[in-house]
Amino acid sequence: MKEIIIKNIFLHILLVIFYYFSKFEIASINASNLETLVLFVWLIVIAPITSNFVYSYKNNISRIWNIRWHISTFSSMLVIWILFIILDLLLLRMIWAVVSFRLAIIIFWIAVVTFDFADIQE
């Protein structure tokens, strides 16, 4: 359980850094290319979402497999949130804040983080 908490704290720190980095990077993209980038991000976000919900800690074979699962879930969670951050920033630039979309991202964020804790048996 402690490992999952540390993993999620580290993940969120990286995401805050990435958010501020991405704000400047997306601001420099030509407005005519934003729609294509939104479509691309929407298409590739499905793969890490699918892979993240496959992992389960309950069939843990050994300590090394537990570490491998942590690395896999960390990687897929990081990619999911990087893509959602990019998508959010693109939509902010294109059409301003869409409350329902941002609310959906927050709810999904909660689902992914809580799924990481779902089947821990300690």
Side-chain angles (χ1 to χ4, degrees):
M1 174 84 91
K2 185 172 84 171
E3 296 150 344
I4 295 176
I5 292 170
I6 292 169
K7 175 180 70 177
N8 278 284
I9 290 171
F10 182 61
L11 175 74
H12 287 81
I13 290 169
L14 286 176
L15 291 173
V16 168
I17 295 166
F18 181 80
Y19 180 83
Y20 289 107
F21 170 75
S22 296
K23 273 176 76 170
F24 296 112
E25 190 173 53
I26 289 174
S28 68
I29 296 173
N30 187 350
S32 64
N33 296 329
L34 294 178
E35 292 168 4
T36 305
L37 190 56
V38 167
L39 178 63
F40 178 72
V41 171
W42 268 121
L43 290 174
I44 64 171
V45 77
I46 300 303
I49 289 171
T50 305
S51 71
N52 188 64
F53 288 108
V54 169
Y55 293 100
S56 172
Y57 293 102
K58 72 179 174 186
N59 296 324
N60 187 0
I61 299 168
S62 66
R63 179 86 176 130
I64 196 73
W65 279 103
N66 199 24
I67 292 169
R68 289 177 183 167
W69 277 327
H70 284 310
I71 292 169
S72 297
T73 56
F74 177 84
S75 300
S76 62
M77 290 170 75
L78 185 63
V79 172
I80 289 168
W81 296 121
I82 284 173
L83 292 170
F84 272 124
I85 286 170
I86 291 169
L87 196 57
D88 183 54
L89 291 170
L90 286 168
L91 291 177
L92 277 173
R93 182 149 178 240
M94 292 170 65
I95 56 176
W96 299 97
V98 178
V99 175
S100 58
F101 179 75
R102 290 185 127 191
L103 182 61
I105 287 177
I106 291 170
I107 291 169
F108 188 73
W109 183 295
I110 292 167
V112 171
V113 171
T114 56
F115 183 79
D116 205 26
F117 291 90
D119 63 349
I120 293 295
Q121 297 171 1
E122 288 193 35

Roughly how far apart are [X] [atom1] and [Y] [atom2], rounded to 0.5 Å?
X	Y	atom1	atom2	result
Leu90	Leu37	CG	CG	4.5 Å
Leu34	Arg93	CG	CZ	4.5 Å
Ile105	Ile110	CD1	CD1	12.5 Å
Leu14	Ile9	CG	CD1	12.5 Å
Ile82	Leu11	CD1	CG	8.5 Å
His70	Glu3	NE2	CD	4.0 Å

Same apolar cluster: [X] and [Y], side chain cutoff 4.5 Å:
X	Y	result
Leu91	Leu103	no
Ile44	Leu15	yes
Ile17	Ile80	yes
Met94	Leu92	yes
Val16	Ile106	no

Original post:
Where does the angle between the aromatic ring planes of Phe74 and Phe10 fall among parallel (under 30°), tilted (30 to 60°) and perpendicular (over 60°)?
Top reply: parallel
**OP:** Keeping to residues at least two apart or across chains, list the side chain to side chain donor-acceptor pair (under 3.5 Å) pairs with something in residues 101-113.
**Re:**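 Pairs touching residues 101-113 that pass the test: His12-Trp109, Asp88-Arg102.
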Could you tell me if the side chain of [Y] sits less than 4.5 Å from the side chain of [X], heavy atoms only?
X	Y	result
Phe18	Ile86	yes
Phe108	Trp81	yes
Val79	Val45	no
Met77	Asn8	yes

Subject >> Shortest non-hydrogen contact from Tyr20 toward Phe24 >> reply: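 That closest heavy-atom pairing would be O-CD1, 3.1 Å.
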**OP:** For the pair Leu87 and Phe101, evaluate side-chain contact (heavy atoms from CB on, under 4.5 Å) and give the outcome as yes or no after the intermediate values.
**Re:** CA-CA 10 Å; Leu87 196 57; Phe101 179 75; 3.6 Å; yes
Subject >> Qualifying residues under side-chain contact (heavy atoms from CB on, under 4.5 Å), relative to Ile71, sequence neighbours excluded >> reply: Ile67, Ser75
Subject >> Main-chain N/O of Tyr19 paired with Ser22 side-chain donor or acceptor, under 3.5 Å >> reply: no
